[in-house]
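In the text below, chain A, chain B and the rest are named by the order of the sequence lines, each starting its count at 1. Just so you know, these numbers use all the heavy atoms, side chains as well, and skip hydrogens, waters and symmetry mates.
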2 protein chains.
Amino acid sequence: MLTPNARTADQSDAAPLFAALGDETRLALVDRLCAGGPLSIARLTAGSTVTRQAITKHLQILAAVGLVHDRWHGRERIWELDTARLDEARRRLDQISQQWDEALNRLKRFVED
Amino acid sequence: MLTPNARTADQSDAAPLFAALGDETRLALVDRLCAGGPLSIARLTAGSTVTRQAITKHLQILAAVGLVHDRWHGRERIWELDTARLDEARRRLDQISQQWDEALNRLKRFVED
DNA sequence: ATGAAATGCAACTATTTGGTTGCGTACCCT
DNA sequence: AGGGTACGCAACCAAATAGTTGCATTTCAT
């Protein structure tokens, strides 16, 4: 429809995603799941400075924005990156950065006139 | 050098950047500065639900990660996107998403074996 | 069957965060 | 000169956040 006030269509709920990533511990968790594949809470806790319960909470926050999901395997709760959602998130990041890029180019053209 | 444990080189301080973007109000500010060019605090406050002081604080948070910077013009404090840093941030986002992408592909290959 | 391992749940705490109000100051304009 | 406009600074507040500890539950392995 391209209404005059179109702005920010898809990035409307980008803030919670950024917020979920805006923590060192959580970013490290994403990192480890990225590099190491599915891991149990105990595994993820080992090497971390914080307690298992803290790790659990962080994982739940990541799950709330769909970046990870869990699966039970015996007495272990295995967490893994949600590849579909993660890819979606990646595309959203690209999209936002592209929006910024376009806007910046417009600004540059404006300044250079 | 490609050491065995290379991971996360440049995304070390990505968390504060994500955190700065992880707030609706701040994301909206970035948005407005993106679309509308440099604006004063009063201008940025108009149309927002929160007070001028709140806006000021948010701008300072964005400034702390280098996304915006300010410049005095008479009695007005003009805020604008820091294009250089923003571009850097954009590239960092791309880089992280690419890292994720590669890791996910590795995971997929691993699963499909 | 029993003990250790992996986890959940709940209560509690301290710090950070997002926001406010009140008041003072600098600047512009008529 | 004097009033309105744009802003800073500081104190304050409520809610959210990141973390803890303590205890109960399930599951595995011997």
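- Between A:Arg71 atom CZ and C:dA6 atom C1' there is a gap of 16 Å when expressed in whole angstrom units.
- In this structure, A:Thr49 and B:Arg52 both approach DNA chain D, and ranking their closest nucleotides by distance from the 5' end singles out B:Arg52.
- Taking the side chain of A:Glu76 as heavy atoms from C-beta on, and the options D:dC7, C:dA6, C:dG18, the nearest nucleotide is C:dA6.
- D:dC7 atom C1' lies 15 Å from atom NZ of B:Lys57, rounded to whole Å.
- Considering only the side chain of B:Arg75, C:dC28 comes nearest among D:dT20, C:dT20, C:dC28.
- What separates CD1 of A:Ile55 from C1' of D:dT20 is a distance of 13 Å, to the nearest Å.
- Under the 4.5 Å side-chain criterion, counting only non-hydrogen atoms from C-beta, A:Leu62 is in contact with A:Leu29.
- In this structure, B:Leu44 places its CG atom 13 Å from P of D:dA6, rounding to the nearest Å.
- For the pair A:Leu59 CG and D:dT17 C1', the interatomic distance rounds to 16 Å; values are reported in whole Å.
- Using modelled atom types, one side-chain atom of A:Arg32 and one backbone atom of A:Leu44 make a donor-acceptor pair closer than 3.5 Å.
- OP1 or OP2 of D:dT20 has at least one side-chain nitrogen or oxygen of A:Thr51 nearer than 4.0 Å.
- Separating the CG atom of B:Leu39 from the P atom of D:dC7 is a distance of 11 Å, rounded to the nearest angstrom.
- When rounded to the nearest whole Å, the span between CH2 of A:Trp79 and P of C:dT7 equals 11 Å.
- Among D:dA11, D:dC7, C:dT7, the nucleotide with an atom closest to any side-chain atom of A:Ala42 is C:dT7.
- The backbone N or O of A:Ala20 lies less than 3.5 Å from a partner atom in the side chain of A:Arg26, making a donor-acceptor pair.
- For C:dG22, its base sits under 3.5 Å from the side chain of B:Gln53 at one donor and acceptor pair at least.
- Taking only side-chain nitrogens and oxygens, B:Thr25 comes nearer than 4.0 Å to OP1 or OP2 of C:dG19.
- You'll find the side chain of A:Leu81 reaches within 4.5 Å of the side chain of A:Val68, heavy atoms only.
- A close approach under 4.0 Å does not occur between any side-chain nitrogen or oxygen of B:His58 and OP1 or OP2 of C:dT17.
- Residue B:Arg43 is classed as having no contact, given no heavy-atom separation below 4.0 Å to the nucleic acid.
- Put simply, CZ on A:Arg52 and CD1 on A:Ile55 are 11.0 Å apart, with the number rounded to the nearest 0.5 Å.
- With rounding to whole Å, B:Leu62 atom CG is found 14 Å from C:dG18 atom C1'.
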